[in-house]
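One is the number of the first residue; the rest follow in order along the sequence.
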Amino acid sequence: MKLHLHTSEQQYQINGVDSDAVIINRQRYEQAVIVSEHACSSGWFQGPWEALDAQSLAPILEFKPEVVLLGTGDKQRFIHPRQIQAFLSDNIAVECMTTAAACRTFNILTAEGRKVVAALLLEKHLG
């Protein structure tokens, strides 16, 4: 799915997504990726969905978000509240949604000036 939105070299935007990759600022990422308005980091999680735990989610905190969009692959999955306790204790909202929905929402929220981070998992790696 291609996403079309105003592009800027000053910030990260998601240009497209499918089960195999996410395209951010016209660069293809085939691993899990964390993206904020001003930073991007790939390869933060590797493994099946069941292996995602609080320690796996910890790198997201380095981005200092107000809102975290957890893209859970092609289907919506939910994580246990104890896995996101570090976020909740810092008043960081966490929303679980499909990766495609997280990409669309990320673009909208960054355009609104929100301090949002998308942590995007790809279906091909979740098993």
*Would you name the heavy atoms of L88 and P81 that are closest together and state the gap between them?*
CD1-O, 4.5 Å

*asked:* Can you tell whether the side chains of K64 and E37 come within less than 4.0 Å, N to carboxylate O?
replied: no

_Gap between atom CZ of R26 and atom CG of N15 - 0.5 Å precision_ = 6.5 Å

*With rounding to the nearest 0.5 Å, note down the distance linking CD1 in I34 to CD in E62.*
7.5 Å

Side chain to side chain, [X] and [Y], heavy atoms closer than 4.5 Å:
X: E123; Y: T98; answer: no
X: V35; Y: F63; answer: no
X: V68; Y: I84; answer: no
X: L61; Y: I92; answer: yes
X: N25; Y: Q13; answer: yes
X: W44; Y: I60; answer: yes

*Has E112 got more than 12 heavy atoms of other residues, nucleotides or ligands less than 6.0 Å from its CD?*
yes

*Taking only residues two or more places apart in sequence, or in another chain, which ones meet S42 in a side-chain hydrogen bond (donor to acceptor under 3.5 Å, both in side chains)?*
none

